[in-house]
Amino acid sequence: RSEFNRATQSRRQPGSAFKPLIYTAAFDKGMTPSTVIVDAPIVYPDPSSPDGVWKPKNFDGKFQGPTTLHNALIHSRNIITIRILEEIGLDYATAYSANMGITSPLSRNLSLALGTSGVTLQELVRAYGVLAHEGKRSQPFFIKRIIDRTGHVFEEAQPRLEQVIDPRIAFMTNYIMQDVVESGTGYRVKKLGRPVAGKTGTTDDMRDAWFLGYTPSLVAGVWVGFDQERSLGRNEVGGQAAAPIWLYFAEKGFRNMPIEP
């Protein structure tokens with residue numbers, strides 16, 4: 001009902017859908033999927049909060065102790081992602097995200113690990129595309145080609161690719177993100193019956209629900225939310241509200257495409 005394009009103009013909090021960018025940056029700085037970090041309560045000073053402290057929690061309110069980064073990303077552990085961000089540094093993480101295609105300004109605090117900084121769906125899909133395409137970032141375009149009625153091609157857009165991260169780094173994140181679908185928060189997408197990597201995202205009070213998924217040939221993202229930010233309702237997390245929409249699209253979109261590892 002309006003000309004406002006929610007895929008390219010609306011900046012919303014991505015929640016956990018932002019975490020793969022933090023993990024990829026960490027892998028590029030020497031961590032691996034088998035690196036162990038302790039999932040335990042942490043407290044930070046925060047003058048803006050009523051009690052003067054910030055006590056981040058995991059979505060389920062529990063702590064799992066020593067956890068590999070592999071399992072931490074599969075099960076979307078908030079505390080471990082904050083610890084990773086603290087370890088690699090905010091400047092490094094924001095610069096790395098920009099390199100992967102995030103153009104929105106990112107907040108310079110540790111809540112960035114929880115996806116509190118608004119981005120567009122297009123930016124996030126572009127960043128996931130870097131992982132899907134073995135570390136190559138593409139320049140998005142909307143018009144593929146313009147042809148007149150005689151078949152003459154007036155204009156044709158050519159994909160512009162740039163290698164921005166090491167393919168071996170992208171592989172590590174892809175490996176884990178396939179397990180997000182196999183045994184983690186994106187399990188509903190397993191019904192597609194082909195290898196898919198992906199990640200769910202949910203923000204506070206279920207205001208935004210996300211699912212981004214990809215194969216080597218296709219990357220797509222779904223965001224669900226109200227324009228005037230309010231809760232989608234109880235339990236309307238990314239895996240529940242967004243992933244089934246992605247699956248519905250993928251069942252049609254992948255129909256004539258080869259199965260790719």
Side-chain angles (χ1 to χ4, degrees), residues 1-25 48 54 56-59 73 76-78 81-82 85 90 93-132 137 140 142 173 177 180 184-186 188-189 197-214 219-250:
R1 295 183 187 178
S2 77
E3 293 180 11
F4 184 65
N5 187 328
R6 285 146 191 86
T8 61
Q9 295 175 293
S10 177
R11 285 192 175 125
R12 301 288 289 230
Q13 292 184 351
S16 293
F18 195 78
K19 285 176 183 170
L21 280 63
I22 304 287
Y23 280 74
T24 306
S48 65
W54 179 47
K57 295 194 285 283
N58 290 312
F59 186 76
L73 185 53
S76 211
R77 308 305 290 171
N78 291 342
T81 314
I82 293 167
L85 181 56
L90 281 162
T94 52
Y96 202 94
S97 301
N99 192 41
M100 288 181 71
I102 301 295
T103 53
S104 293
L106 296 173
S107 56
R108 296 293 180 115
N109 60 60
L110 290 175
S111 72
L112 177 68
L114 310 183
T116 59
S117 200
V119 297
T120 69
L121 179 59
Q122 184 192 20
E123 286 173 76
L124 213 49
V125 167
R126 187 184 180 197
Y128 275 60
V130 172
L131 299 170
R137 186 184 66 211
F142 289 95
T173 306
M177 300 256 279
V180 170
T185 55
R188 281 181 174 84
V189 173
K199 185 74 185 76
T200 56
T202 312
T203 59
D204 286 349
D205 302 326
M206 319 293 169
R207 286 194 300 262
D208 301 88
W210 305 72
F211 184 81
L212 288 96
Y214 58 92
V219 54
V222 174
W223 164 78
V224 182
F226 292 104
D227 282 343
Q228 305 300 325
E229 295 186 31
R230 58 189 170 93
S231 178
L232 291 163
R234 192 159 156 260
N235 297 329
E236 291 300 311
V237 293
Q240 168 94 2
I245 299 171
W246 191 94
L247 177 63
Y248 177 80
F249 158 76

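This is a predicted model, so every value here is computed, not measured.
- Between Asn78 and Lys19 there is a side-chain heavy-atom pair separated by less than 4.5 Å.
- Counting only distance, with no hydrogens or angles, the side chain of Thr120 and the backbone of Gln9 share no donor-acceptor pair below 3.5 Å.
- Atom CD1 of Ile82 sits about 11.0 Å away from atom NZ of Lys57, to the nearest 0.5 Å.
- Minimum heavy-atom separation, Leu73 to Pro20: CD1-N, 4.4 Å.
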(Q) Would Gln240 and Thr202 count as a side-chain contact (heavy atoms from CB on, under 4.5 Å) here? Give the steps. (A) CA-CA 10 Å; Gln240 168 94 2; Thr202 312; over 6 Å; no
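- One N or O on the side chain of Thr203 and one on the backbone of Asp208 form a donor-acceptor pair closer than 3.5 Å.
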Q: Begin with the C-alpha distance, continue with both residues' side-chain angles, and end with the deciding distance and a verdict on side-chain contact (heavy atoms from CB on, under 4.5 Å) for Ser107 and Leu90.
A: CA-CA 9 Å; Ser107 56; Leu90 281 162; over 6 Å; no
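- A distance-only check finds a donor-acceptor pair linking the side chain of Thr116 to the backbone of Ser111 [under 3.5 Å].
- When each of Asn235, Val224, Val237 is checked for a side-chain contact (heavy atoms from CB on, under 4.5 Å) with Met206, only Val237 meets the rule.
- Between the Thr200 side chain and the Gly186 main chain, no donor and acceptor come within less than 3.5 Å of each other.
- Residues Asn109 and Ser117 are not in side-chain contact: their nearest non-hydrogen atoms beyond the backbone lie 4.5 Å or more apart.
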Q: Starting from the C-alpha separation in whole Å, work towards a yes-or-no answer on side-chain contact (heavy atoms from CB on, under 4.5 Å) for Phe211 and Leu247.
A: CA-CA 10 Å; Phe211 184 81; Leu247 177 63; over 6 Å; no
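- Side chains of Pro14 and Lys199 form no contact here, defined as non-hydrogen atoms less than 4.5 Å apart.
- The closest donor-acceptor contact from the side chain of Trp210 to the backbone of Gly221 lies at 3.5 Å or more, if one exists at all.
- Listed for the Arg188 side chain is a donor-acceptor partner under 3.5 Å among the backbone atoms of Gly239.
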Q | side-chain contact (heavy atoms from CB on, under 4.5 Å) between Leu21 and Tyr128, intermediate numbers included | A | CA-CA 8 Å; Leu21 280 63; Tyr128 275 60; 4.3 Å; yes
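- Once rounded to the nearest 0.5 Å, the distance linking CG of Leu85 with CZ of Phe18 reads 9.0 Å.
- Note that CD1 of Ile245 is 10.5 Å distant from CH2 of Trp223, once rounded to the nearest 0.5 Å.
- Closest approach of Ala241 and Glu236 over heavy atoms only: CB-OE1, 3.5 Å.
- If you check the side chains of Thr185 and Ser76, you find no donor sitting under 3.5 Å from an acceptor.
- With contacts defined as side-chain heavy-atom distances shorter than 4.5 Å, the pair Arg6/Arg12 does not qualify.
- For the atom pair Ile22 CD1 and Ser16 OG, the distance stands at 11.0 Å (nearest 0.5 Å).
- Interatomic distance, Gln122 CD to Ser10 OG, rounded to the nearest 0.5 Å: 12.5 Å.
- Under a 3.5 Å cut-off, the side chain of Arg137 and the backbone N or O of Asn99 do form a donor-acceptor pair.
- In this structure the side chain of Val125 reaches within 4.5 angstrom of the side chain of Leu212, judged on heavy atoms.
- The closest side-chain heavy-atom distance from Thr8 to Phe142 is below 4.5 Å.
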